[in-house]
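Here's the structure we're looking at; comments come further down.
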Amino acid sequence: MSTFLMRILLSLLVLALTIPQQSEAESEQWCIADEQTPDDELQAALDWACSKGGADCSKMQQENQPCFLPNTIRDHASVAFNSYYQTYKHKGGSCYFKGAAMITELDPSHGSCHYEYKP
């Protein structure tokens with residue numbers, strides 16, 4: 001093999017070893033309401049998340065807050081579920097909510113409503 005090719009291969013090897021690789025487990029994840037969950041089940045899970053669950057629901061509880069609109073149970077549940085999940089995922093919390101929620105790797109933020117992500 002020529003010296004030139006050896007240098008290129010060595011450079012590529014060094015580059016591959018120095019660039020941090022993001023594993024699947026480290027990808028950004030948010031917790032949102034499952035589209036197929038009926039509103040009454042979402043409401044029960046939302047109520048739990050905002051009370052006993054300890055989620056920060058202040059961003060969607062009043063009209064002047066950034067996540068109030070769209071004013072739907074599904075959208076409000078997504079904000080609450082994600083708040084709970086980001087706060088407690090490293091302390092045993094999950095994104096389950098009796099099957100009412102799901103994980104997404106697509107940032108659900110929209111307009112002025114920013115969905116928090118904590119690595």
Side-chain angles (χ1 to χ4, degrees):
M1 209 181 260
S2 74
T3 306
F4 178 72
L5 285 176
M6 288 296 283
R7 286 183 181 174
I8 289 176
L9 287 174
L10 184 58
S11 297
L12 289 173
L13 179 61
V14 168
L15 186 62
L17 293 175
T18 58
I19 295 176
Q21 300 295 315
Q22 187 177 37
S23 72
E24 193 169 311
E26 295 173 344
S27 61
E28 292 182 351
Q29 295 181 334
W30 294 266
C31 181
I32 59 171
D34 189 324
E35 291 290 326
Q36 298 180 26
T37 303
D39 282 355
D40 60 327
E41 291 177 31
L42 287 176
Q43 185 67 59
L46 171 61
D47 291 344
W48 180 88
C50 290
S51 59
K52 294 178 185 173
D56 177 6
C57 298
S58 62
K59 294 194 317 186
M60 49 80 172
Q61 288 180 324
Q62 295 180 7
E63 286 186 43
N64 63 344
Q65 296 303 310
C67 297
F68 182 77
L69 296 175
N71 184 12
T72 67
I73 292 172
R74 187 164 320 283
D75 286 284
H76 288 189
S78 290
V79 172
F81 294 171
N82 189 65
S83 171
Y84 173 86
Y85 177 67
Q86 297 302 330
T87 301
Y88 298 108
K89 66 184 175 184
H90 296 300
K91 300 173 187 171
S94 70
C95 177
Y96 183 65
F97 298 94
K98 294 186 178 179
M102 60 184 276
I103 293 288
T104 183
E105 293 183 357
L106 299 174
D107 185 350
S109 299
H110 53 88
S112 62
C113 182
H114 173 73
Y115 279 62
E116 183 177 22
Y117 167 74
K118 295 179 184 176

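No hydrogens, no waters, no symmetry mates; every other heavy atom, side chains included, goes into these values.
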| task | Please state whether the rings of Phe97 and Phe81 are parallel, tilted or perpendicular, taking 30° and 60° as the class boundaries. | result | parallel
| field | Distance, nearest 0.5 Å, that separates OG of Ser78 from CG of Asp34 | value | 9.5 Å
| said: If you count every heavy atom of other residues, nucleotides or ligands that lies below 6.0 Å from Lys98 atom NZ, does the total exceed 12? | reply: no
| task | Treat each ILVMFWY residue as a node, draw an edge where side-chain heavy atoms are under 4.5 Å apart, and state whether Val79 and Trp48 are in one component. | result | no
| query | What are the two closest heavy atoms between Pro70 and His110, and how far apart are they? | reply | CD-CE1, 3.6 Å
| Sequence neighbours excluded, which residues qualify as side-chain hydrogen bond (donor to acceptor under 3.5 Å, both in side chains) partners of Gln43? | Asp47
| Listed by chain and number, what are the side-chain hydrogen bond (donor to acceptor under 3.5 Å, both in side chains) partners of Glu41, not counting sequence neighbours? | none
| request: Answer with yes or no whether the hydrophobic clustering places Tyr117 together with Ile32; edges join I, L, V, M, F, W, Y residues whose side-chain heavy atoms lie under 4.5 Å apart. | output: yes
| query | Taking all atoms of both residues into account, what is the closest heavy-atom pair of Met60 and Cys50, and its distance? | reply | CE-SG, 3.7 Å
| message | Is it the case that the side chain of Arg74 and the backbone of Pro38 share a donor-acceptor pair, with hydrogens and angles ignored and the cut-off at 3.5 Å? | response | no
| said: If you compare all heavy atoms of Leu46 against all heavy atoms of Ala80, which two are closest, and at what distance to 0.1 Å? | reply: CD1-CB, 3.5 Å
| query | Do Leu42 and Trp30 belong to the same hydrophobic cluster, where Ile, Leu, Val, Met, Phe, Trp and Tyr are linked whenever their side-chain heavy atoms lie under 4.5 Å apart, directly or via other members? | reply | no
| note | Between Tyr84 and Ser94 the two heavy atoms that sit nearest each other are CE2-O, 3.6 Å
| query | Taking only residues two or more places apart in sequence or in another chain, which ones pass side-chain hydrogen bond (donor to acceptor under 3.5 Å, both in side chains) with Thr104? | reply | none
| field | Pair listing, ring pair (Phe, Tyr, Trp, His ring centres under 6.0 Å) test, anchored in residues 55-78, at least two apart | value | Phe68-His76
| Inter-residue atom distance Gln86.CD - Gln29.CD, 0.5 Å rounding | 9.0 Å
| task | Could you list the residues that satisfy side-chain hydrogen bond (donor to acceptor under 3.5 Å, both in side chains) with Thr72, not counting sequence neighbours? | result | Asp75
| field | side-chain hydrogen bond (donor to acceptor under 3.5 Å, both in side chains) contacts touching residues 57-67 (sequence neighbours left out) | value | Asp56-Ser58
| Heavy-atom pair with the smallest gap, counting every atom of Cys113 and Pro66 | CB-O, 3.4 Å
